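Model, not experiment: these values are computed from the prediction. FYI, the numbering just counts along the sequence from 1.
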Amino acid sequence: MQTDAAQQQAPAAPSAGAGWTTRGWLGVCSAAALVVLLALAGCGVWVLAHATDVNKQLTERWSPALIASVRMESALINQETGIRGYGMTGKREFLGPYQDGLAQQSAATAELSRLLRGNERAMADLATVRERSEQWQTTTARPISESGDPVGSALRYIESGKDTFDALRTALSVQQTRIEAERDRSRDDLQQARDLRNTVFTAIGGVVLALIALAFAGLRRGVQLPLDRLRTDVRKIADGRFDHSIVPSGPADLRALATDVDGMRRRLAGELEFSDRARSELAEGATELRRSNEELEQFAYVASHDLQEPLRKVASFCQLLERRYADQLDDRAKQYIAFAVDGANRMQTLINDLLTFSRVGRLHAQDADVSLESLLRRTTNSLGVAVEETGAVITHDPLPAVHGDPTQLGVLLQNLISNAIKFRAPGAVPQVHISAVEVTEARDAASDPSGETGGPRWEIAVSDNGIGIGPEYAERIFVIFQRLHTRDSYPGNGIGLALCKKIVEYHGGTIALDTTHTPGTRFVFTLPPARSDVPETDSF
């Protein structure tokens, strides 16, 4: 049906400069948002760095410095206590606290020098403490600790030592007061940095939320609503309303998309009538093709019978001719008659083989679950004469049940086993072995009549100890009428393996020659597994 709307001229698509595209809007908005976010990120990084620096000043400088100053004061008090006890009693065990105090004072002084580096006032206080400590050591502590009469030395230096140590205490108090003031100031700075950090990150969160809201609103107005309108129009067209026109809206690229879709609608409307006609013609062609195939099958069946009857007559009359005029025929004439009879018989065999080959997958296809154990016993029984004449030994592993046409699968096994017996090595007893393993293979649904495209398969192998096949013939042997030997050496028409290949492929499997197997020949093919449990002694 060619509608009037489908015949109308398509409106021109918007040009590249007719407006901003979705990509342009998104690019500009994204760039602006990125600039804002980078600025906010810079502020956030600065605030975090400032807070970290202030926190380090508090936790890694002034608080440890105050602790070190207190330890220094404690070390000096221990020294003064030890010197006083030694001066009062003269016992040298009182010098232990003094010596420990010296070591503690040295460690605290070193730590304070490291922590207070860069602060002139704090370093000046530390210098004053060290100076007065050295003065007390020189005027009081060392003379008493090194004197042979500590009690007498203590009486001489006790007054001056007290004044010197009091001055040292005053210096320590000044140092600790200033360190505490610096620590309190750092604490206040840290609180201010935290307040600033909270304010900045709150502002960042608000700006990010505002950007998200703006992006959502912009996308909804500029993209979602035009797309919703376009989707509604397209759904109407998909429902069969090919006369419904699409009105472009939104950014330039969405308007161009709507125009293209409207143009496609018009083309579809114009091609629908052609498609309907073609479908009708195709259905008629398929019906005609099925009828033709049925006629060809009937023709092949009738022709085969019509061809075989003259061939039987030729063979029969040639044999009658030979018997009636035997005394008048020389050896050459008898040889010619034998050639004619043999040719007629071979032609009949070829016709029967071709019929069998052409019927695979078309006639008498009764797919069912088949026990290969039972099928092998039937096949072995049908080959009983050949097995008995050659003494062939046929063995097998436990064989599974498969799904397929029992008749065709029987032909498959019979051809492979009979080939193994026929092409036996001179002077050797034929040894035929059938094995089976479960595998998983991927398959092409187009080449598998079952429609399956993957899953478990049974890999069946038929191997023998015969004359073998060269690797260069691995593909040629499956071509119909291809022979590797003369008919005088091995009888046959060269159709057996081609028939095996067609049977296996009908069942969705593959068959190949194992070129690594020596001595003899090994054919490997795959078959689909049974779809239900099959008893070992099933019948068909």
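In the displayed structure, Glu388 atom CD is contacted under 6.0 Å by at most 12 heavy atoms of other residues, nucleotides or ligands.
The backbone N or O of Thr379 sits less than 3.5 Å from a side-chain atom of Ser382, completing a donor-acceptor pair. In this structure, Asp514 contributes its side chain and Ser463 its backbone to no donor-acceptor pair below 3.5 Å. Side-chain atoms of Asn55 do not come within 3.5 Å of backbone N or O of Ala51 as any donor-acceptor pair. In this structure, Ser418 contributes its side chain and Asn415 its backbone to a donor-acceptor pair below 3.5 Å.
The side chain to side chain donor-acceptor pair (under 3.5 Å) check on His517 picks up nothing, with sequence neighbours excluded.
In this structure, Leu383 CG and Ile394 CD1 are separated by 6.5 Å, a value rounded to the nearest 0.5 Å. Taken to the nearest 0.5 Å, the CG atom of Leu413 stands 8.5 Å off from the CD1 atom of Ile460. Put simply, CG on Leu497 and CZ on Arg476 are 12.5 Å apart, with the number rounded to the nearest 0.5 Å. Here the straight-line distance linking atom SG of Cys43 with atom CG of Leu196 works out to 9.0 Å at 0.5 Å rounding. With rounding to the nearest 0.5 Å, the separation of CD1 in Ile421 from CD in Glu389 is 10.0 Å. Atom SG of Cys29 is separated from atom CG of Leu214 by 9.0 Å, given to the nearest 0.5 angstrom.
Closest heavy-atom contact between Pro406 and Leu375: O-CD1, 3.9 Å. When all heavy atoms of Arg457 and Pro528 are compared, the pair lying nearest together is NH1-CB, 3.3 Å. For Val429 against Gly391, the heavy-atom pair with the smallest separation is CG1-O, 3.0 Å. The nearest pair of heavy atoms linking Ala461 to Val524 is CB-CG2, 4.1 Å. The minimum heavy-atom distance linking Asp369 with Ala530 is given by the pair OD1-CA, 3.5 Å. When every heavy atom of Asp260 is checked against every heavy atom of Arg267, the shortest pair comes out as O-NH2, 4.5 Å.
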### Query
Can you check side-chain contact (heavy atoms from CB on, under 4.5 Å) on Phe523 and Leu412, steps first, answer last?
CA-CA 11 Å; Phe523 288 99; Leu412 172 64; over 6 Å; no
### Message
Does Val437 form a side-chain contact (heavy atoms from CB on, under 4.5 Å) with Val439? I'd like the steps, not just the answer.
### Response
CA-CA 6 Å; Val437 294; Val439 297; 4.2 Å; yes
#### Entry: Step-by-step side-chain contact (heavy atoms from CB on, under 4.5 Å) determination, Leu211 to Leu37
CA-CA 9 Å; Leu211 288 176; Leu37 291 176; 3.9 Å; yes
### Query
Stepwise, does the salt bridge (charged side-chain N to carboxylate O under 4.0 Å, His left out) test hold for Glu505 with Lys501?
CA-CA 6 Å; Glu505 290 179 349; Lys501 185 174 186 293; 2.5 Å; yes
### Task
Starting from the C-alpha separation in whole Å, work towards a yes-or-no answer on side-chain contact (heavy atoms from CB on, under 4.5 Å) for Val393 and Thr395.
CA-CA 6 Å; Val393 178; Thr395 60; 4.0 Å; yes
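Residues Ile503 and Phe525 are not in side-chain contact: their nearest non-hydrogen atoms beyond the backbone lie 4.5 Å or more apart. Side-chain contact check for Ile511 versus Phe478: some heavy-atom pair is nearer than 4.5 Å. The shortest side-chain heavy-atom distance between Thr521 and Ile467 does not fall under the 4.5 Å cut-off. Side chains of His403 and His507 form no contact here, defined as non-hydrogen atoms less than 4.5 Å apart. Ile417 places none of its side-chain heavy atoms less than 4.5 Å from the side chain of Gln414. Contact of the Glu373 side chain with the His396 side chain is registered, since non-hydrogen atoms from C-beta on lie closer than 4.5 Å. The shortest side-chain heavy-atom distance between Arg197 and Phe201 falls under the 4.5 Å cut-off.
Between the side chains of Asp397 and His433, at least one donor N or O lies within less than 3.5 Å of an accepting N or O.
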